[in-house]
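Structure first, commentary second.
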Amino acid sequence: MDLQLSGKLALVSGSTAGIGYAIARTLAQEGASVIVNGRSQPAVDEAVDRIRLETHGTVTGYAADLSRADAAEEVVRRHPGIGILVNNLGIFEAKAFEDIPDEDWQRFFDVNVLSGVRLARLVLPEMKRTNWGRIIFISSESAVQIPTEMIHYGMTKTAQLAVSRGLAESVAGTNITVNSVLPGPTKSRGVGDFVEGMARSSDKSFEQVEAEFFDHVRPTSLIKRFASPQEVASLVAFVASPLASATTGAALRVDGGVVKSAF
Ligand code: NAD
């Protein structure tokens, strides 16, 4: 299937590793020009080189913390014509509710929610001018099944659903679509490191810890394994494409069936 992405310019926030990297690589493979982002210049350079090598696509880098207003303004100024925005960057941290101070609530909101809101606001005028655009928020199954071990993270992921639905409604009747994608447990760099750390400290293999995780922590998973970042990226690439023109205002799950709901 040709996703018809050539000629489109895509910005994927937080794309030097994990799900963001897989999205950036897939969009480049499908013909889009891609801006890769991460906070450190060496990590961005390495990701850009790898994606160029793997896809022969048009890839540039932008090293900055895109949860900052000045960085968001600069990337949009430097790269006019962004038609596809994937708000992927995000942080998580397990912490009991009583131990989460105000500063953490604020930081999680700023990084996970406001960064995407701000970028969407900045790219929207150009999308409206050209009457075409794709804005995708990478939310989480945690938007629906709030993890008690990180309620502040769950709050940000639910907020993304509200923003994307509201924004989709605000551009009704245009060729701009706005959606959220909800991955389930995915073996990204962050999660892979976390599980490998648990395996090392308990003298178990990765596979043992993975099996225990799906037995006890996420028993509703239907695939009973971590998804790969590529499995998430494939859905995102489709939603980002002109082919997905009737998909908007939606919360799309790629969660291995972990959310116990038929719709
Ligand atoms: P990851 O930690 O593996 O990679 C995140 C990337 O974002 C890295 O390249 C990191 O350097 C970059 N990054 C983080 N903060 C940044 C910032 N302020 N500015 C620029 N870059 C920044 O993460 P991941 O697991 O691939 O998660 C990506 C998204 O998917 C997040 O929004 C996360 O909430 C969501 N998600 C992940 C999972 C999972 O199981 N991995 C499940 C559901 C949702």
Side-chain angles (χ1 to χ4, degrees), residues 11-26 35-48 50-51 61-72 74-75 85-94 107-119 136-147 149-150 152-161 163-164 180-197 210 213-214 217-218 221 223 225-233 235-236 251-259:
L11 168 63
V12 186
S13 71
S15 47
T16 56
I19 293 171
Y21 178 83
I23 294 169
R25 185 186 53 201
T26 307
I35 307 158
V36 167
N37 159 253
R39 282 158 299 177
S40 96
Q41 190 67 56
V44 168
D45 291 344
E46 199 204 315
V48 167
R50 269 173 60 204
I51 296 175
Y62 180 76
D65 180 345
L66 277 183
S67 68
R68 293 174 47 138
D70 55 347
E74 198 195 40
V75 71
L85 168 65
V86 183
N87 286 315
N88 168 78
L89 75 80
I91 51 172
F92 72 96
E93 183 188 25
R107 185 166 54 91
F108 269 69
F109 178 80
D110 288 346
V111 174
N112 289 5
V113 184
L114 193 52
S115 64
V117 168
R118 192 183 284 125
L119 282 167
I136 300 167
F137 290 83
I138 305 302
S139 173
S140 169
E141 45 120 351
S142 297
V144 184
Q145 300 182 151
I146 309 296
E149 74 280 12
M150 43 185 182
H152 54 340
Y153 174 75
M155 172 276 294
T156 65
K157 294 290 144 181
T158 313
Q160 288 180 307
L161 304 189
V163 173
S164 68
S180 293
V181 167
L182 283 64
T186 305
K187 195 178 171 235
S188 61
R189 186 180 62 185
V191 169
D193 291 350
F194 185 70
V195 175
E196 265 151 30
E210 183 180 34
F213 178 81
F214 286 100
V217 187
R218 290 290 185 281
S221 167
I223 61 173
R225 61 170 174 82
F226 289 103
S228 70
Q230 185 56 53
E231 288 175 303
V232 178
L235 175 62
V236 174
L252 304 161
R253 290 163 39 202
V254 53
D255 64 354
V258 82
V259 173

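Worth knowing before you read on, the calculation uses all heavy atoms, side chains too, and leaves out hydrogens, waters and symmetry mates. As the structure lists them, so they are numbered: ligands from 1, and atoms in each ligand from 1.
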With heavy atoms of S188 as the reference, note each atom of ligand 1 found under 4.0 Å away. 3 (O), 24 (P), 25 (O), 26 (O), 41 (N)

Is there side-chain contact between T156 and V111, with heavy atoms separated by less than 4.5 Å? no

So for ligand 1, is D65 a polar contact partner (N or O within less than 3.5 Å, distance only)? yes

Hey, are S180 and S164 close enough side-chain-wise for a donor-acceptor pair under 3.5 Å? yes

Under 3.5 Å, N or O to N or O, is G18 touching ligand 1 that way? no

May I ask you to list the atoms of ligand 1 that are less than 4.0 angstrom from any heavy atom of V191? 39 (C), 40 (O), 41 (N)

Could you check whether any heavy atom of A64 sits closer than 4.0 Å to an atom of ligand 1, since that is the contact criterion I want to use? yes

If we ignore angles and hydrogens, is there a donor and acceptor under 3.5 Å between the side chains of E46 and T16? no

Do any nitrogen or oxygen atoms of E141 lie less than 3.5 angstrom from nitrogen or oxygen atoms of ligand 1? no

Modelled atom types, side-chain donor and acceptor of Q230 and R25, under 3.5 Å: yes

Distance under 6.0 Å and angle within 45° of the ring axis: does R50 meet both against Y21? yes

Numbering the atoms of ligand 1 from 1, which are under 4.0 Å from a heavy atom of N37? 20 (C), 21 (N)

Do F108 and F92 have their ring centres less than 6.0 Å from each other? no

Counting from 1, what ligand 1 atoms have a heavy atom of T16 closer than 4.0 Å? 8 (C), 9 (O), 11 (O)

Any idea which atoms of ligand 1 are less than 4.0 Å away from a heavy-atom of P185? 40 (O)

Could you tell me which atoms of ligand 1, counted from 1 in the order shown, lie closer than 4.0 angstrom to a heavy atom of R189? 3 (O), 8 (C), 11 (O)

